[in-house]
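Report on the structure given below.
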Amino acid sequence: MGNDSSGSRPDSTYTDHYYTEKLLMSISNMDELTDIIVQVSTGKVNAEKCSLMLLDEDRQTLSINKMKGFNGNQSVVKDSKIKLGEGIAGLVALEGKALLVTDMKNERKFRTKYSVRYKSSSFISIPLKIKSDIIGVLNLTDKIDNHHFTEQDLHSLSAFTTYASAAIKNALIFKKLQNLSVTDGLTGLYNRRHFYNCLEKEIIRSGRYGRNFTLAILDIDKFKHYNDTYGHLAGDSVLKQVSEILKIHTRSIDIVARYGGEEFAIIFPETHDADNLMAATVSGLHFPERLRMAVEGYNFSNISNGEKLSVTISGGVARFPHDGTTEKGLVSIADENLYYAKRGGRNMIYVDRICPGKQPARIGTGGNAQKNTAFSGYVAQRLPVRLHTEKALLGCH
């Protein structure tokens, strides 16, 4: 048996590429993946600074997804967006060709407002693409010891970014599928299934730590009228606009979902710490009432002819653990209170069992419903002043 193994053992370059591809394609988490790509890229060419940019959905703007080496300037640079065809990265994304700049001082057209942040004048910008499909750009500068990047550096990166691009595309598809599995396609809110998963977790969490939360089910008043009168496109537009208002006027910890049709379900964790039932109830109602007011104050319009539309919502509220400690129990109470709000005149938030032995109180200014005066006076002191239309409009278009 001879020692010659020629032809039976893959060369080291092929083996490295094979395992690089396998490693990258095995990572579906975008944040973890791009972090590895940036670390490996800088290591391959001894660069101190690196930014990985991805094209947005309209494929007109590049935004930084991951960066390394910018230290105190990181927040400033990361917030920057570059239009297709603008600067080095924009040009590379537009043409789909890698660019090696040995001295930016001699390349006036490549100077940017961030050039002063670089120590060296040598720069590599390479497209992240699959065949002709551009998905982003990888930028590297400040080679260690102030050396210039070489053609060999560019070649080494080109081979690596072939696998990196495929892995990023794979991670983007995975992320999109994940989002589709938990979000509503029309409104972008969480869907009903995800809402119930979150409700189950919140019940467990709040029960374990002795916390309280509020559940609200909201419904667009007379929604069928918008569809029948103006058409389904106008109805969809109303749904989208209401969804945006709910996003804007809820906290980052709140769970906002499209419950079905024109109904929305919202979980408000940590709504109060009060031991007094009256104070606790009011604290929990603060959030859904603010949403009702924001919708009422918003200038809706028919997308087809610009005609002004008057849109309001009604809501039913349930409190954990006062109104129930199970998913079924809480949703049932909230649904029942929503029914009372609709029957009582609409454009109001309704909560039952506020004080034992008293009639249910109705909160809100809309409709012709009579309020429990003893309670509504207390509410008036706690609820915020009606939101100005300008605030309700903020970011909704």
Side-chain angles (χ1 to χ4, degrees), residues 21 24-25 27 30-31 33-42 44-45 47-70 73-118 120-143 148-151 153-176:
E21 181 181 17
L24 294 179
M25 293 299 289
I27 303 171
M30 179 62 78
D31 187 61
L33 175 64
T34 53
D35 187 61
I36 290 176
I37 291 172
V38 165
Q39 297 297 334
V40 173
S41 298
T42 53
K44 277 182 172 292
V45 296
E48 293 184 9
K49 289 184 173 68
C50 178
S51 65
L52 191 156
M53 312 182 78
L54 296 178
L55 273 174
D56 58 12
E57 289 187 1
D58 64 9
R59 302 185 63 80
Q60 294 298 314
T61 307
L62 285 165
S63 299
I64 295 178
N65 175 276
K66 187 75 64 175
M67 58 196 306
K68 176 185 177 183
F70 288 87
N73 298 319
Q74 182 161 330
S75 60
V76 177
V77 178
K78 191 167 186 179
D79 289 338
S80 66
K81 295 181 182 297
I82 297 176
K83 294 180 181 179
L84 209 61
E86 179 182 87
I88 297 175
L91 183 64
V92 168
L94 180 65
E95 298 182 349
K97 298 178 180 179
L99 187 63
L100 169 61
V101 177
T102 56
D103 193 346
M104 280 191 285
K105 295 177 182 178
N106 300 326
E107 300 285 352
R108 184 181 297 274
K109 64 178 179 179
F110 294 140
R111 294 179 190 175
T112 72
K113 60 183 176 179
Y114 300 117
S115 297
V116 294
R117 305 182 193 281
Y118 306 138
S120 73
S121 58
S122 186
F123 198 104
I124 286 181
S125 188
I126 189 166
L128 298 169
K129 63 180 182 177
I130 299 174
K131 295 183 179 178
S132 61
D133 182 24
I134 306 295
I135 60 175
V137 175
L138 187 68
N139 307 297
L140 296 105
T141 188
D142 287 6
K143 188 164 185 176
H148 294 307
F149 290 112
T150 65
E151 290 290 343
D153 291 328
L154 184 59
H155 176 75
S156 177
L157 280 175
S158 297
F160 173 69
T161 54
T162 299
Y163 307 118
S165 300
I168 290 174
K169 185 71 172 181
N170 184 59
L172 288 171
I173 293 173
F174 180 78
K175 184 178 181 180
K176 187 174 183 179

Please report the closest heavy-atom contact between [X] and [Y], naming both atoms and the distance.
X      : Y      : answer
Thr141 : Phe123 : CB-CD1, 3.7 Å
Leu55  : Ile134 : CD1-O, 3.5 Å
Leu33  : Ala171 : CD2-CB, 3.9 Å
Phe149 : Ser122 : N-OG, 2.9 Å
Thr161 : Pro127 : OG1-O, 4.4 Å
Leu154 : Ala98  : CD1-CB, 3.8 Å

Using 0.5 Å steps for rounding, measure from the [atom1] atom of [X] to the [atom2] atom of [Y].
X      : Y      : atom1 : atom2 : result
Phe160 : His155 : CZ    : NE2   : 14.5 Å
Asp153 : Lys143 : CG    : NZ    : 3.5 Å
Asn65  : Thr34  : CG    : OG1   : 4.5 Å
Lys66  : Ile64  : NZ    : CD1   : 12.0 Å
Leu100 : Ile126 : CG    : CD1   : 10.0 Å
Ile135 : Leu62  : CD1   : CG    : 11.5 Å

For this session: Using atom types as modelled and distance alone, determine if a side-chain donor or acceptor of Asp56 lies under 3.5 Å from a backbone N or O of Gln60.
Result: yes

Exercise. So, does Lys129 use its side chain to make a donor-acceptor pair with the main chain of Gly96 at under 3.5 Å?
Worked result: yes

Problem set entry | Residues Asp133 and Lys169 bridged, charged N to O under 4.0 Å | yes

Exercise. Does the side-chain contact (heavy atoms from CB on, under 4.5 Å) test come out yes or no for Leu128 and Ile37, once each step is laid out?
Worked result: CA-CA 11 Å; Leu128 298 169; Ile37 291 172; 5.7 Å; no

Problem set entry | Criterion side-chain contact (heavy atoms from CB on, under 4.5 Å) on Lys176 and Ile173, from CA distance to verdict | CA-CA 5 Å; Lys176 187 174 183 179; Ile173 293 173; 5.7 Å; no

Problem set entry | Side-chain heavy atoms of Ile168 within contact of Leu54, under 4.5 Å | yes

